[in-house]
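Position 1 is the first residue of the sequence; numbering continues from there. These figures come from a predicted structure and were not determined experimentally.
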Amino acid sequence: MTENAMDNSDDQQIVPGISISSSGQATVDPSLTDVLFDLAIKLEEPTNLPVDVQHVLAAIVLAARKGELDPHTPLSSDDPALAKVLAGHVKTVFTDYGGKVGMDD
């Protein structure tokens, strides 16, 4: 096994720039900050909820676990199909978890 393979053995890529460890810790590439922020703003209207970046990230993880996201397709805040998929999962985050997604919530 190569050293690189060992480094990544715990992390699963959800989409380009976002991976999740076996312990459930998400890692987000800084280049995605604006995309996640834009998605949060876009998702507030269709969900009628106070969506923030953490809610979007949780929705992305839920969608990926259901096989609704291609792990090789970069996220885009201009993708209506992505917004529709994520809107459903944002609602789930609020319904099932009361909108609480972080350890500090």
Side-chain angles (χ1 to χ4, degrees):
M1 191 182 287
T2 66
E3 186 176 314
N4 191 24
M6 290 175 76
D7 290 346
N8 297 330
S9 62
D10 280 353
D11 292 351
Q12 174 192 358
Q13 178 174 294
I14 301 293
V15 293
I18 300 177
S19 59
I20 192 159
S21 70
S22 57
S23 64
Q25 183 70 34
T27 303
V28 180
D29 188 276
S31 67
L32 287 178
T33 303
D34 288 342
V35 173
L36 293 176
F37 184 75
D38 290 346
L39 282 167
I41 292 169
K42 286 187 179 197
L43 290 168
E44 283 191 343
E45 187 177 332
T47 62
N48 206 21
L49 295 164
V51 182
D52 69 21
V53 170
Q54 299 244 348
H55 298 126
V56 175
L57 184 57
I60 290 167
V61 171
L62 290 172
R65 287 186 174 160
K66 286 191 156 196
E68 296 171 339
L69 298 179
D70 181 339
H72 306 292
T73 302
L75 295 176
S76 168
S77 57
D78 295 326
D79 182 348
L82 174 65
K84 185 174 183 177
V85 167
L86 295 181
H89 291 291
V90 165
K91 289 178 184 176
T92 298
V93 169
F94 278 87
T95 301
D96 293 359
Y97 306 102
K100 297 184 187 323
V101 291
M103 301 278 278
D104 54 344
D105 278 346

Output the distance between atom [atom1] ([X]) and atom [atom2] ([Y]), rounded to the nearest 0.5 Å.
X: D70; Y: I14; atom1: CG; atom2: CD1; result: 12.0 Å
X: D52; Y: L43; atom1: CG; atom2: CG; result: 11.0 Å
X: I20; Y: I60; atom1: CD1; atom2: CD1; result: 11.0 Å
X: L69; Y: L62; atom1: CG; atom2: CG; result: 10.0 Å
X: K100; Y: F94; atom1: NZ; atom2: CZ; result: 10.0 Å

(message) For E45, is the CD atom crowded, meaning more than 12 foreign heavy atoms sit under 6.0 Å from it?
(response)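 No - once you tally the heavy atoms of other residues, nucleotides and ligands closer than 6.0 Å, there are 12 at most.
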(message) A quick test of your reading: do over 12 heavy atoms of other residues, nucleotides or ligands sit less than 6.0 Å from CG of N48?
(response)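 Open.
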Using the rule that Ile, Leu, Val, Met, Phe, Trp and Tyr join whenever any side-chain heavy atoms are under 4.5 Å apart, tell me whether [X] and [Y] fall into a single cluster.
X: L39; Y: V51; answer: yes
X: V15; Y: F37; answer: yes
X: V53; Y: V61; answer: yes

(request) For P16 and P71, work out which heavy atoms get closest and say how close. (result)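 Closest approach of P16 to P71: CD-O, 3.2 Å.
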(message) Checking S31 against D29: is there a side-chain donor and acceptor pair closer than 3.5 Å?
(response)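 Per modelled atom types, D29 and S31 side chains form a pair under 3.5 Å.
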Heavy atoms, side chains only, cut-off 4.5 Å: are [X] and [Y] in contact?
X: D78; Y: K42; answer: yes
X: L36; Y: L75; answer: yes
X: S21; Y: D11; answer: yes

Just distance, no hydrogens or angles: give the donor-acceptor pairs under 3.5 Å from side chains in residues 79-91, sequence neighbours left out.
unit_1 : atom_1 : unit_2 : atom_2 : d
D79    : OD1    : A81    : N      : 3.0
D79    : OD1    : L82    : N      : 3.2
H89    : NE2    : E68    : OE1    : 2.4

